[in-house]
Each structure stands twice: as C-alpha cells, then as structure tokens.
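Note that the coordinates shown come from a computational prediction; the quantities given were computed from them, not determined experimentally. Basis for what follows: all heavy atoms, side chains included, without hydrogens, waters or symmetry-related copies. Residue numbers begin at 1 in each chain, while the letters A, B, ... track the order of the sequences.
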Amino acid sequence: MSKGAKTVLIADDDDLILASCKFSLERKGYRVLLAAHGGEALAQIGLQPVDAVFLDILMPHQEGLETLIEMRRQFPDIPIFVMTGGWRGSGPDFLSIAQKFGASGIIRKPLTPAAMINLIEGLPQKGTGDSTTKSA
Amino acid sequence: MTVEPKFSATGQRSIGAEESPAVAPHAFAYSFRPIWDCKMNVILIYLCQPITGETEAAAYKFCSVKDNEEENALLDRRVLLHCAGHMQELHRNGQRLLLGVPLHFSTLAHSRTWNLFNDAFRGITQKVLRDMVFIVHDLGEVPDIRLVQELPKLAGSRHVLCTIERSKLNEVRSAGSIIHALGFELAENEPDEIKLNGQIKSMASSVIKTGYEPFLLAVANTSCALHAMAAGVRYLEGPVIHPMVADPHCAKTHKLEHLYPQHRAVSGK
C-alpha cells in the first residue's frame, strides 16, 4: 500500500459485497475500511481521516439515509456515495432522496468495483474545491 | 389527546362510561395514529387509539381490556362511537379523511359480543360509515373461512384491514373481497431486527400475491420503515412515521423526507 493511498469506507450489511469490494480496491492500492451498518460507519469515520464513503441504504440498526444526514452534519466535506438495489417501482426513490440529503453521487446495485473506482478517481484532489456530483 | 366527547354517533342516544362500567371506571382518552400510504405519499387514515394511561410506547398497541370478550366488545363500541362523533364533526366542517376503528375479532365472532357492538354500529349513518376503516385484530388462529363469514358484517365501511399472526405469514390466502389490506403490528422492542426484516419481506410478498395491500403498524425506526417499503409494504404507521395526533382534521401529503426531520436542521430547509 502506498503512503498516500486514499482511504475508502464501505458500509453495507452484505458480507459478500464488503469482501469483494475490499479485495478489488486494495488491489488498486486503496486502504479500505468496512462497516456493517450506519452506526459502525459513523464510529469508523470518527476515528481516522476518510477520503470517500460508500453507503448502502438498506441496512439494519442504522440505515443509510439517516447515516448520510449525520455524516453530512459532522463531516460536510467528505464525498459520500449512496447505493441501493431496493425499490425501483412506483413511490419514493431512495436514491433521489439521498441526493436531496446531500449525497455526492448515487449507485444502483449491483455494485461493481470498477464503478466505485471511477467515482473515487473522479474525486477532486484535496484543496481544488471541485465538488461535481457524479453518478455511476 | 382528546377526552371522549359527550355527543353520540347518531344523535339518537348517548353512550357514556356509565353505560359500560365494566370497561372503564376511569375516563377514557383517545388519540389517533396516522397511517401513511407510502405509495401515494399521503396520510388519509387515522387509527383511533384509546389511551389507558400507560406509557407512550404502550400506546402504540391495540388496546384490550383483560381477557374478557364482552369487555373488549364494549371497548370496541366506545371507540366506534368516539370515531363516529369525530367524523360527524368533520363532516359538519366540510373536512374529509378516513378514521381507522380497531375491532377485536371476537366482537364479530360471537352473537353476544356482536349484539353489544351492533347496537351502536347499526346506528351509524351510511355517510359516516363510508369514511370508516375497520382494523380487525386479535385474530389468533382464526381460519380464513371464519373471516369470510364474519367480515361482511362490516359492509358499508370503506375498507377492512386485518392483522395477521406472524406464525401464519406463509399461509395467507384470499379471505374475501371486503379485506383491503393485511399486515401486523410490531412489538415495543423487537429483539432481532434482521429476523424482523425477513418476516416483513415474507409477509409483504404473501399478501401481495394474494391480492391485498401489506401494512405494518407501530414502526419505530427508519431502518424498519425503509426495509418495509423496499419489500412493497404500502401502509406504514408508528412513531417514526408521524407522531400521534389529538384531533385529525384533514388528509395530508406525507413523503419519505418527512421521516427525517433532522435533515431540515442540517440543510437549513
């Protein structure tokens, strides 16, 4: 792992997704932190600097939208990408609500490591002030 | 929270605590639990909740008076009359919404208890009844055929919703066209959220397959609400959806973002 590697936090209740994303991102040189729900993600992000967060919406204990609001309150500058495979039918769309709540980008599952890497690589270098919203 | 009014549903008789001393030696109070139709983004049904002086969390439960079917029937009658009185008031003011009336299944199921209830029920005008939704609970192990037999007694009301036992989640079958929705009420402290989410998914899937709308009552956190929505649950009620209201007077738009009042504080909107 290089000294300046970006740190990425992934919060998802699906162990398989966590394991595969961690494997793929670490191979690309990223440092990866994992959380099984929103509460764990908030605890992790409070302990060390994080460059980007990938946040699932449908998680037990503390779901993604509530977590997003709290992260935005505590860490307004961290890029947070919100993802879900839930509810594509009629009615409220969780991802559009996530955008309203300040998500930097949204991802519809199935999640691919390539999509995650594209989003991370598209992040502005620290201090440039670029805050373009992206969607996978 | 409102205290039971003195006026009757029909204007023909007045039923107060003195006529049903077995039910409540103390004064009853009522509140209403807003039921969110999350597909239409509206709160249209307000479920009447008799308050028996317990904690607020305990108020998010169907009320039973001991294990006595006659007393429960008298309680059902009082709640019905309270709702009818409230509805008349709404109509007088040109306001429209649907009131949910909780009803023990045992009240429907026995002639003695049905007569106690029907004494008030038959006095409700068609106009008022049309804006009532009966929520039949405490079904226990009632076979579907009993539902088909008993629920038509509530004909004339807008809808009938039935709570089902979680142990019967995989046995949901069609139980007549009078039923609009099936679902269950959550306990105050659900011990295993992951297991609960699985039960909600299973319930919603069975209910939708049978042609009814799924509902979930007493939802206490947004995690459970989102899982239910993703599973296809149409009606949601509970403290995290909307606080109880003392005096519902209109249907109102209600959207997912309304479950997150803290968002407004963060965004300044």
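- Side chain to side chain, Glu66(A) and Thr222(B) meet the donor-acceptor criterion of an N or O pair below 3.5 Å.
- Phe32(B) and His86(B) have tilted rings, their planes meeting at an angle from 30° to 60° on a 0 to 90° scale.
- A perpendicular orientation is assigned to the rings of Trp36(B) and His254(B), their planes being inclined by more than 60° (bins at 30° and 60°).
- Of the two parts of Leu65(A), the backbone and the side chain both hold a non-hydrogen atom closer than 4.5 Å to a non-hydrogen atom of chain B.
- A salt bridge is defined here as a Lys NZ or Arg NE, NH1 or NH2 lying under 4.0 Å from an Asp or Glu carboxylate O, and Asp14(A) with Lys109(A) fails to meet this definition.
- Only the side chain of Glu193(B) comes within contact range of chain A, judged by heavy atoms closer than 4.5 Å.
- Both the backbone and the side chain of His61(A) come within contact range of chain B, with heavy atoms under 4.5 Å apart.
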